[in-house]
**Student:** 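Before I ask anything, here is the structure I am working with.
Lettering follows sequence order; numbering is per chain, from 1. Given the structure is predicted, the values throughout are model-derived calculations rather than measurements. Atoms considered below: every heavy atom in the structure, side chains included; atoms not considered: hydrogens, waters and symmetry mates.
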2 protein chains.
Amino acid sequence: MNYKIKETADIAGISIRTLHHYDQFGLVKPESSSPSGYRLYSDRDIEKLQQVLFFKELGFSLKETKEIINDKSFDKNKALKNHKELLLKKKKRLDEIIYSIDKTIEYIEGDKEMGKIEMFKAFNMDEIKKHQEKYFKETKQKYGESNAYAECEKKTAQYSEYKWKEVMEKASGIFQRIAECMEKSPADEEVQIAVGQWKQHITESFYNCTLETFRSLGDLYVTDRRFTKNIDKIKPGLACFLKDAIHIYCSNQIYSKI
Amino acid sequence: MNYKIKETADIAGISIRTLHHYDQFGLVKPESSSPSGYRLYSDRDIEKLQQVLFFKELGFSLKETKEIINDKSFDKNKALKNHKELLLKKKKRLDEIIYSIDKTIEYIEGDKEMGKIEMFKAFNMDEIKKHQEKYFKETKQKYGESNAYAECEKKTAQYSEYKWKEVMEKASGIFQRIAECMEKSPADEEVQIAVGQWKQHITESFYNCTLETFRSLGDLYVTDRRFTKNIDKIKPGLACFLKDAIHIYCSNQIYSKI
DNA sequence: ATAAACTATGACGTAACGTTAGTGTCAAGA
DNA sequence: TCTTGACACTAACGTTACGTCATAGTTTAT
């Protein structure tokens with residue numbers, strides 16, 4: 001069954017503007033539209049909206065939510081279970097804040113002492129944020145990435161300090177080389193050679209980097225802020241350039257295999 | 001004891017930027033500063049920060065928080081008790097969302113049915129928002145406003161439909177007159193006469209409008225969005241103009257009484 | 001004296017909509 | 001068929017509460 005936008009907004013308890021925004025953002029796009037261009041939301045869209053509201057309730061950004069939900073391996077069941085865990089943590093935090101209120105009242109009425117740390121610790125979101133990040137990270141590693149992570153852990157666990165330094169310097173050198181070619185096209189031969197070397201280096205030093213994994217990693221360089229931030233320290237815009245270069249590299253490798 | 005900004009930020013678990021912002025915004029201004037201009041936060045500032053975090057946790061805007069906290073009649077004890085009530089409501093809502101997750105899992109696994117309404121009702125914030133608004137409103141009516149409200153209720157309860165219409169038309173006429181003088185100064189004689197008439201009309205038709213109450217009401221016209229919105233329907237900017245005019249009127253009246 | 005850490009102000013950017021403007025579409029009633 | 005009110009669209013600016021970055025002054029420890 002199809003619902004027009006006001007019906008949908010009323011059902012979900014959100015604004016029409018929000019639905020517009022979600023459509024434009026690519027988070028929840030209606031499955032069809034009328035001949036006059038009206039959005040028509042299906043039952044499946046409605047269910048997706050519910051998922052979105054769960055993620056929103058738990059503090060995930062729309063961007064994060066989009067990445068997780070629109071992934072073809074999105075597991076609703078697993079997500080819901082994870083949500084429940086998070087919600088229980090939020091509930092515990094609420095309890096702590098309530099307790100903190102009681103304590104503050106006693107303090108104000110002069111009955112008790114209250115330390116500075118005690119005043120604020122209930123507001124702490126670290127545990128919740130850590131869990132969110134863990135879940136997001138796990139989700140992003142859905143494919144070979146989770147295997148890659150395990151392999152990487154195993155391989156690097158035996159590295160000596162000297163080996164680590166070697167690995168890092170080689171990585172740095174490759175990135176530096178690519179950064180120096182940034183005024184060229186990502187498809188430039190020199191860039192592509194360096195990208196190939198980067199892939200090789202990953203396979204040798206961290207985990208078996210398949211083309212698929214490599215492409216996903218390239219995406220991560222621009223979608224995961226930590227990656228972007230670190231890479232762009234070398235040169236602003238490098239993360240984006242590198243992503244493009246990796247995509248071209250992977251496409252070329254795929255093409256050459258057909 | 002005084003704390004510099006990093007110490008304060010660490011104690012409260014918020015960023016330095018946030019403290020800058022709160023200072024600039026007038027929400028939490030440090031009680032003193034060093035000769036070189038460093039902010040120095042006192043124990044009292046720290047305690048105020050805690051109050052701010054409680055309000056923030058409960059979804060109050062910084063603006064609302066500022067109005068409540070910086071009011072000289074701010075009652076910490078009462079606020080905390082109200083916070084607790086709100087937090088218990090939030091906790092209840094969390095429980096409902098958790099229950100909704102369980103239900104959704106059953107639905108996904110095909111065990112049960114789930115209606116559209118059931119999918120979304122747990123996310124509803126109406127009760128919490130209503131409580132927030134109620135508290136804010138009660139706080140804003142701290143002074144004569146709460147008495148004014150009671151008196152207003154009593155007086156208007158006996159109005160006939162005809163009387164209501166009369167009262168409203170007179171109000172509308174006064175506002176209209178003031179709107180027509182908006183290109184003049186708020187201190188203009190014609191404006192001031194109209195403002196005096198408005199005060200008189202309130203006293204006659206609603207409640208005894210003292211100068212103090214009248215001034216506070218003028219403030220409400222620009223700080224309470226509902227007032228602003230309604231008044232500005234007559235003419236954009238009227239609420240602000242009226243506030244200024246009321247302030248001038250009240251000051252003049254006070255001056256003429258010395 | 002020096003360098004690192006800390007502090008200040010200024011200002012642009014961000015996320016997720018809310019609000020407004022202007023215009024097209026639909027459905028019911030005259 | 002025409003009219004009107006409700007509904008829908010897109011575009012675009014505004015809002016809130018900071019995050020981030022730049023630049024420059026101050027403090028602290030070596």
**Student:** Kindly give the heavy-atom pair with the smallest separation between B:Asn70 and B:Leu27, and that separation in Å.
**Tutor:** OD1-O, 3.9 Å
**Student:** Let me know, please, whether B:Phe60 or A:Lys4 comes out on the 5' side of the other along DNA chain D by nearest nucleotide.
**Tutor:** A:Lys4
**Student:** B:Leu19 CG to D:dA17 P: how many Å, rounded?
**Tutor:** 15 Å
**Student:** Return yes if the base of C:dT7 and the side-chain atoms of B:Arg39 contain a donor-acceptor N/O pair under 3.5 Å, otherwise no.
**Tutor:** no
**Student:** Need one value for B:Ser34: base, sugar-phosphate or nothing, where a base atom within 4.0 Å counts as base even if backbone is also close, heavy atoms only.
**Tutor:** nothing
**Student:** If only side-chain N and O atoms of B:Thr18 are considered, is one of them under 4.0 Å from the OP1 or OP2 phosphate oxygen of D:dG19?
**Tutor:** yes
**Student:** Please figure out whether B:Phe25 or B:Tyr38 has its closest DNA chain D nucleotide nearer the 5' end.
**Tutor:** B:Phe25
**Student:** So, is B:Ser36 close to the C:dT7 phosphate, meaning a side-chain N or O under 4.0 Å from OP1 or OP2?
**Tutor:** no
**Student:** For B:Tyr107 and A:Glu47, does a side-chain donor sit closer than 3.5 Å to a side-chain acceptor?
**Tutor:** yes
**Student:** Below 4.0 angstrom from OP1 or OP2 of D:dC18, is there any side-chain N or O of B:Tyr22?
**Tutor:** yes
**Student:** Under a 4.0 Å threshold between the charged nitrogen and the carboxylate oxygen, would B:Lys6 count as salt-bridged to B:Asp10?
**Tutor:** yes
**Student:** Between C:dT9 atom P and B:Gln24 atom CD, what is the distance in whole Å?
**Tutor:** 9 Å
**Student:** Rounded to whole angstrom units, what separation is found between the CG atom of A:Asp23 and the P atom of C:dC17?
**Tutor:** 14 Å
**Student:** Please determine if a side-chain N or O atom of A:Lys56 lies less than 4.0 Å away from the OP1 or OP2 oxygen of C:dC17.
**Tutor:** yes
**Student:** In whole Å, I'd like the distance from the CZ atom of A:Phe55 to the P atom of C:dA15.
**Tutor:** 19 Å
**Student:** Taking for each residue the nucleotide of DNA chain C bearing the nearest heavy atom, is the 5' side occupied by A:His21 or by A:Pro35?
**Tutor:** A:His21
**Student:** Could you state the atom-to-atom distance from CG of A:Leu53 to P of C:dA16 in whole Å?
**Tutor:** 14 Å
**Student:** Does A:Ser15 make a side-chain N or O approach to OP1 or OP2 of C:dG18 shorter than 4.0 Å?
**Tutor:** yes
**Student:** Whole angstroms only, please: what is the CZ-P distance between A:Arg17 and D:dC13?
**Tutor:** 13 Å
**Student:** Would you kindly give the CD-to-C1' distance between B:Glu64 and D:dA17, to the nearest whole Å?
**Tutor:** 14 Å
**Student:** Decide if atom CD of B:Glu118 counts as having more than 12 heavy atoms of other residues, nucleotides or ligands within a radius under 6.0 Å.
**Tutor:** yes
**Student:** Side-chain N or O of A:His20 versus OP1/OP2 of C:dC17: is the shortest distance under 4.0 Å?
**Tutor:** no
**Student:** Output yes when a side-chain donor or acceptor of B:His83 lies under 3.5 Å from a complementary backbone atom of B:Ala79, and no otherwise.
**Tutor:** yes
**Student:** Nearest-Å distance, CD1 (B:Ile5) to P (C:dT7)?
**Tutor:** 7 Å
